[in-house]
Each structure stands twice: as structure tokens, then as C-alpha cells.
Amino acid sequence: MSDNPYLAHRHPTQRGVVPSGSSLSTKEPLYGFLPRNVTGAQVRTAMEQEINPFTKLPLSAQYKKILEMRRKLPVYSQMDDFFKMFSANQIIVMVGETGSGKTTQIPQFVAYSDLPHTKGKLVACTQPRRVAAMSVAKRVADEMDVQLGRQVGYSIRFEDMTEPGTTFLKYMTDGMLLREAMNDPNLDRYSTIILDEAHERTLATDILMGLLKALAKKRKDLKIIVMSATLDALKFQKYFGLTSDTAAPLFKVPGRTHPVEVFYTQEPEPDYVEAAIRTVLMIHRAEDPGDILLFLTGEEEIEDACRKIKLEADDLVNQDSDSVGPLVCIPLYSSLPPQQQQRIFDPAPSARTPDGPAGRKVVVSTNIAETSLTIDGIVYVVDPGFSKQKVYNPRIRVESLLVSPISKASAQQRAGRAGRTRPGKCFRLYTEKDFMTELEEQTHPEILRSNLSNTVLELVKLGIKDLVRFDYVDAPAPETLMRALELLNYLAALDDDGNLTPLGAIMAEFPLDPQLAKMLIVSPEFKCSHEMLTITAMMSVPNVWIRPNNQRREADAAKALLTVPDGDHLTLLNVYNQYVQNMHDKNWAWQHYLSQRALAQADNVRAQLQRTMERFDVDLISLADERKLYVNIRQALVCGFFMQVAHKEGEKGNYLTVKDNQVVGLHPSCGLDNQPDWVIFNEFVLTTRPYIRTVSDVKAEWLIEFATNYFDLSSFPDGETKQALQRVVNKKAGKSSGRVDGGDARNSKKQKKNHK
DNA sequence: GAGCACTGC
């Protein structure tokens with residue numbers, strides 16, 4: 001409070017209430033404001049003064065210009081109703097369609113009501129994506145006529161653009177707020193928390209909803225606003241109702257978009273890519289000027305479709321250049337370099353002759369254009385009705401991507417992309433009947449489609465005792481929770497009663513999957529923590545290898561030069577080290593067919609992980625003897641990934657995963673120069689057939705020594721794998737092992753038996 | 001002998 005000039009200098013004795021009857025009243029923009037009891041009229045008056053109520057500085061011309069625009073937003077005209085509802089309720093559900101202005105305006109309204117700056121508190125507004133948190137914060141700082149990072153700021157991974165004591169309105173990623181909650185379960189710094197884009201149902205937002213619902217009962221002073229799209233509102237209202245049969249109040253704001261006419265096909269389309277190409281060309285020939293957005297499922301499909309559209313469009317132009325204009329086709333997916341992604345904002349090609357037919361731009365995109373990126377000027381949307389979606393099978397512990405039908409909500413979102421600048425049309429390549437009867441209402445929330453080992457560790461760290469009975473908006477399958485608990489128990493992050501161990505508490509502090517966190521924390525015992533830090537960082541960023549279609553051989557040759565034959569993990573280490581030795585040179589990366597973007601990310605992640613290691617006194621050490629070092633690295637890998645081991649089966653190059661007995665092959669990208677008996681893998685991918693990817697050679701002795709519990713033979717199904725292990729155990733009998741078990745590195749004690 | 005929907009800490 002003392003660092004607040006407003007209170008400290010003028011009204012030091014009043015707590016959070018701006019006094020009335022003061023002689024300063026005429027100059028005081030917040031005169032008479034009672035926290036959480038302000039009216040729309042009061043706020044509008046304050047906004048129109050000459051003095052910025054939060055900085056005491058004169059308001060700029062730009063502020064006044066922006067205020068003019070803000071007044072036209074649908075949400076602005078409902079200010080009175082908003083303040084009434086906000087004053088009277090602890091939790092509000094709000095729906096505001098695209099263009100309502102909710103993301104920029106509501107947090108400001110809340111700031112005028114909460115007056116967080118007078119109490120040393122903050123108003124937080126979460127976003128699912130970093131770019132959104134940054135760009136909205138910038139916009140709102142402009143609207144409030146303050147410098148970004150002062151009164152208004154943002155907080156995302158790698159960047160905290162806030163000033164403690166000054167910032168009172170903070171945009172942040174949902175994951176960032178969840179991290180904060182792990183160390184401050186009451187979230188005491190916040191007076192109001194706004195969860196924006198709740199309908200996207202990210203894992204972090206789902207967990208936050210559960211936490212905030214419980215916290216609202218404990219902290220009566222905490223207000224919560226959940227903002228979502230229309231379709232989900234009732235679900236959230238019921239979830240956040242005070243009792244089982246009352247619902248949280250709904251605040252509704254209309255959007256500001258143009259109508260979109262929707263067309264369906266008469267019959268189902270057997271080949272959606274072919275149908276999509278046909279539809280794009282039909283639009284180009286027959287419809288008025290305006291750009292087209294086509295949704296497909298992945299990189300290969302998109303590049304392929306772009307080629308075909310381009311060929312056919314050129315044909316059309318050649319046949320009839322008097323009535324068909326030029327067409328450009330632009331692919332869009334996340335692994336494209338940013339420079340190429342920018343091409344979607346290029347204007348459509350101009351007509352060939354001054355009065356010739358207009359040119360047209362076609363963007364062929366993954367789901368990235370459904371939420372993350374908006375392209376202005378789109379008038380036509382072609383929606384085949386599919387996207388790649390993550391699915392998790394807890395039985396075999398595998399996450400995979402499957403091309404699946406989209407939901408109605410998703411189809412609606414796609415159609416909406418046609419109406420951002422003027423009335424548009426959406427061509428759905430499925431029948432209206434299928435839309436009505438076959439599509440699910442909502443996309444399944446992420447929590448139902450993911451491996452939850454990370455989430456479960458977070459929840460336990462958050463103090464949630466009974467994971468099965470936690471009040472989820474949608475409860476995950478019990479088997480998924482059991483799988484997560486089992487893994488965390490084997491990793492010694494949780495004890496046999498499900499309580500967090502000291503090791504688990506540290507693991508939870510790392511922004512990593514539990515396996516990675518574990519191997520990193522135990523790595524000092526193997527004197528290779530510098531190296532494990534690098535490998536962990538490299539495993540936490542997108543694929544560094546680039547393999548252009550027309551230069552596959554060159555790319556493979558470049559990769560061969562960097563490959564370490566004992567394992568892909570060592571190759572990743574080598575790549576990073578070479579990158580650093582070559583001074584992070586962009587050209588070096590380019591010449592070796594490596595993604596400079598991914599390498600730079602690895603650098604960033606590595607630095608963050610190193611800070612976390614230092615914070616918890618995890619030593620950073622290396623062995624000088626490289627051969628011994630490479631052995632130790634693979635031993636440390638075993639401590640994290642012992643549940644992802646496969647054993648060679650026969651001579652055909654097939655492997656059997658341990659315990660699950662899935663038949664898998666080494667992925668063609670694997671750099672091993674032979675077929676070792678035992679391998680440890682990072683990923684199980686299900687494409688043309690089941691593959692394991694990022695694979696290293698390990699020894700059976702290590703499995704038994706460093707993952708004693710998991711490789712307890714009495715828990716093994718009979719089979720070749722068990723026999724092979726039995727031979728190793730027999731051979732080893734008589735010799736004694738010197739090393740401590742890899743279970744709980746901190747306590748250096750043997751893991752307890754924990755099998756059924 | 002082949003892929004990497006998209007986010008997030």
C-alpha cells in the first residue's frame with residue numbers, strides 16, 4: 001500500500017475506499033468509488049476525465065481516440081449491468097462472441113471495481129496461448145494509457161513483464177497461473193481471477209477451474225469470472241453453482257460479426273481432400289472475389305493439396321483467362337518457419353489486366369487457423385470436417401494422433417472465420433444430416449485425451465489428496481489416473497500411500513514430464529548432469545531435424561555425420577554441443593539440416609532448467625572420460641525411462657515392449673548402428689505401423705540395478721523377455737552390486753517393494 | 001525406410 005502514490009500521498013488512512021467529501025474531490029477521478037460497489041456511470045465519468053486515475057498523469061490524445069472506439073464495443077454498452085452483477089456475485093460465467101470486446105474490456109472494468117492497486121492486489125486474466133497474453137496486454141496498456149509492464153503487464157514462460165507493487169492488471173498463460181498456484185495455493189495476490197477462452201478446455205484451464213471452485217469457498221474475497229463461447233456456458237454455470245441445483249449467473253454479450261451462409265453436400269464425400277480441391281476451384285470460378293480458407297489435417301496433406309490446387313487453377317486460367325483470375329495457394333501449419341507463416345497476410349494477387357477477373361488467395365491450413373491465428377479478408381471457408389486429434393490409450397500407455405471428425409462447436413468456429421470482415425459462405429463437405437446426428441457437440445476436453453502423469457504430480461503438489469474424487473469439470477477415466485499414479489510411484493515421486501515424496505516435490509518444480517525430471521535430478525549420481533540437462537532440453541523442444549522432400553538424401557547424410565551410434569539421446573547431446581561450439585551459428589544449423597528455431601528453443605529451455613536445478617541444489621557436474629560418460633548418461637536415462645524399454649525379438653528387427661508386449665520396430669530415423677538386445681525409447685508412435693522413436697542402447701544389468709522394483713521378475717508376464725532377464729539375474733547372482741538404487745536419489749535408500 | 005494437430009510450464 002505504501003508504494004501506491006495515490007493512497008500513500010493523499011489518503012493514507014483510508015483502506016481501499018476513496019473518501020467522499022474531500023476537498024480533492026473535483027480533481028480526483030476515482031472520487032466516491034466504493035470497491036466492488038461502483039456503477040457504470042461512475043466508471044464512464046472517470047474514464048472521461050483529463051487525469052489518468054491510475055497514474056495521475058494527464059491522459060494522452062491517443063487514449064481519447066481509443067476510448068471513442070471502445071465506446072462502440074458491444075460490451076461497453078452493458079457496463080451498468082456488468083457492475084451490478086459483479087458487485088452481487090462471487091462467480092460469474094460470461095459469454096461473449098467474437099468481436100464483443102470481452103478480453104480487453106472486462107478486466108479493465110474489474111480493475112475499476114476492485115481497485116486492486118489500493119490493496120496491493122492484482123486482477124489476473126488467463127489465456128491459453130502466450131502470444132494472446134502478450135498482445136492483449138499491449139492493447140490494454142494502450143487503452144489505459146500506461147506503459148506495458150507497469151500498471152498493466154503480462155507473465156508467460158521465459159518472460160515476466162510485470163513490476164511487483166505497480167502491476168495490478170496481469171494477463172498470463174493458464175499454465176503460468178497453475179504454476180503459481182503450486183507455491184501459493186490460496187492465490188492470495190489476486191482479488192479477481194478471470195479465466196478467458198474457458199471453452200477451449202486446455203488441461204491447465206480445467207485444473208484451474210477445479211482449484212478455483214474450491215478456493216472460492218475458502219476465500220470469500222476472491223471473485224472469479226469464467227469467460228467462454230455460448231455452447232459451453234450452461235455447463236460452466238452449473239459447475240460453478242453455489243449448490244447442486246443453483247447455477248452461477250450468466251452475463252451475455254452479443255458479438256459483432258457478419259452472417260455466414262452454410263452449405264452442405266447432398267451426399268457424403270468418399271475422398272475429402274479431392275472434394276476440398278474441387279470445392280476451392282468451384283469457388284474460384286463461380287463466386288465473387290474474396291479469399292478462401294481450407295481446413296485440412298496435416299503438413300503432408302496440405303502441401304499435396306496446395307500443389308494440386310495450383311496446377312488445376314493454372315489450367316483454368318490458361319483455358320479461360322477472361323473469366324478466371326490468378327490464384328495463389330498458401331500452406332499454413334505450425335512447423336513452418338515464421339517467415340513463411342507470414343505469407344498468409346500477403347494480399348491476394350491482383351488481376352492480370354485492369355478490368356480482368358480479380359485474383360484470389362487460398363490459405364490451406366491445419367487447425368492452427370481455427371483458434372491461434374486469424375486471417376482477415378477470408379470470405380469463404382471450406383470445411384471437410386476432420387482434424388488430427390490427440391487420443392490417449394491408458395491400457396497401452398500411448399498417446400497418438402488420429403484423424404477424427406470435428407465437433408459441432410469446432411465446425412461453428414471454422415464457419416465463423418468466413419465472417420470477420422463481411423458476410424461470407426462456409427462449404428461443409430458433409431451432409432446436414434451427418435452434422436446434426438454424427439458430430440459430437442464439443443471436442444473432448446484435453447484432460448480426457450491425455451496422459452496425465454504430469455497433471456497428477458501437479459495436483460498432488462497442489463495438495464489434492466483424493467485425485468479420483470477431485471471436482472473435475474469432466475473427470476478423466478480412473479484407469480488414466482491409475483496409470484499416472486503407478487508411474488509416479490515407480491519413479492518414487494509418490495510413496496505407496498500416494499503421498500508426495502521429497503523427490504516428487506522437486507520433480508514437480510521442473511516444467512517437464514516426470515520421467516525427464518527424474519533423470520535430470522538423479523544425474524549428479526552418474527556425474528553427467530550437464531549432459532542430462534542438455535538432453536532433457538533437446539527432448540523438450542520440437543524435432544530439430546529438417547528433411548525437405550527434395551533433399552532427403554542430403555539431409556540424411558548431414559544427420560549421419562552427427563549421429564552417435566550408441567543412441568539417439570547421445571546424438572541429441574552431440575548436436576547441441578556442436579551447435580554451441582559453432583557459436584549458435586544460423587548458417588551452421590542450416591548447412592546441417594537442423595532447425596535453428598528448435599535449437600534456440602532448446603538453449604532457452606536449458607537455461608530455465610539450469611536455474612531450477614541451482615534453486616534445488618542439484619549439482620552440475622561432468623565426467624572427463626567420454627566413454628565412461630556415455631555409459632553413465634545411458635544409465636541415468638534408465639532411471640527415468642525404465643518403463644519405456646523394449647527387448648529384441650527374433651532377427652527381423654522387431655522389438656517387444658517390456659510388460660505391455662507390443663510388437664514395435666525401430667523408427668527409420670533411429671541412428672543405432674546395430675540392433676541391441678535392450679533399448680530405451682522416448683516415444684511410441686503409431687503410424688503405418690508401431691514404431692519407437694529416439695532410442696538408445698541399454699544393458700539388462702542396468703535395468704535390474706537402477707529400476708529394481710519395475711524389473712522385479714515376479715511381477716513379469718511369462719515370455720521371452722522374462723527369460724532373458726532371468727538369465728541376467730542368474731549370471732549376476734554371486735557377484736554383488738556396488739551402486740545405490742536409482743529410486744530415490746535424494747534419500748539414497750532402496751525403493752520399497754510395491755507390487756501387487 | 002518415415003513424419004510432426006495445437007498449446008503450455
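Every chain is numbered from 1, with letters handed out A, B, ... down the list of sequences.
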Would you classify [X] as touching base, sugar-phosphate or nothing, given that sugar-phosphate means primed atoms plus P, OP1 and OP2, and contacts are heavy atoms under 4.0 Å?
| X | result |
| --- | --- |
| F510(A) | nothing |
| I368(A) | sugar-phosphate |
| N543(A) | base |
| Q389(A) | nothing |
| T202(A) | nothing |
| D513(A) | nothing |

Which nucleotide span of DNA chain B, 5' end to 3' end, has atoms closer than 4.0 Å to non-hydrogen atoms of chain A?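 So the contact region on DNA chain B extends dG1(B) to dC9(B).
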For P511(A) and for E300(A), find the nucleotide of DNA chain B with the closest heavy atom, then tell me which residue's nucleotide is more 5'.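 Whichever sits nearer the 5' end wins; that is E300(A).
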Using heavy-atom distances to pick each residue's nearest nucleotide on DNA chain B, tell me which of Y691(A) and R129(A) is more 5'.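 Result of the comparison: Y691(A).
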Does R689(A) count as lying over the ring of Y691(A), i.e. NZ or CZ under 6.0 Å from the six-ring centre, within 45 degrees of the axis?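 R689(A) over Y691(A) ring: yes.
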Would R428(A) and F435(A) count as a cation-pi pair here, with the cationic atom under 6.0 angstrom from the ring centre and within 45° of the axis?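 Ring-cation test returns yes.
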Which residues within residues 175-190 of chain A lie with some heavy atom under 4.0 Å of an atom in DNA chain B?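 The answer is G175(A), M176(A), R179(A).
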For the pair R414(A) (side chain) and E370(A) (backbone), establish whether a donor and an acceptor sit closer than 3.5 Å, ignoring hydrogens and angles.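 Checked: no pair found.
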Between R606(A) and T534(A), do the side chains contain a donor N or O and an acceptor N or O under 3.5 Å apart?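 Distance-only check passes for T534(A) and R606(A).
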Do T694(A) and D568(A) have side-chain N/O donor and acceptor atoms under 3.5 Å apart?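 D568(A) and T694(A) do not have a side-chain donor-acceptor pair below 3.5 Å.
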All pairs passing salt bridge (Lys or Arg N to Asp or Glu O under 4.0 Å) where residues 503-512 of chain A contributes a residue, at least two apart: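 For residues 503-512 of chain A: K461(A)-E509(A), E509(A)-R615(A).
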Counting neighbours of NZ on K390(A) that are heavy atoms of other residues, nucleotides or ligands and sit closer than 6.0 Å, is the number greater than 12?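 More than 12 within 6.0 Å, yes.
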Determine, step by step, whether R449(A) and E399(A) satisfy the salt bridge (charged side-chain N to carboxylate O under 4.0 Å, His left out) criterion, reporting the C-alpha distance in whole Å, the side-chain angles of both residues, the deciding distance to 0.1 Å, and the verdict. CA-CA 8 Å; R449(A) 296 184 287 118; E399(A) 266 182 359; over 6 Å; no
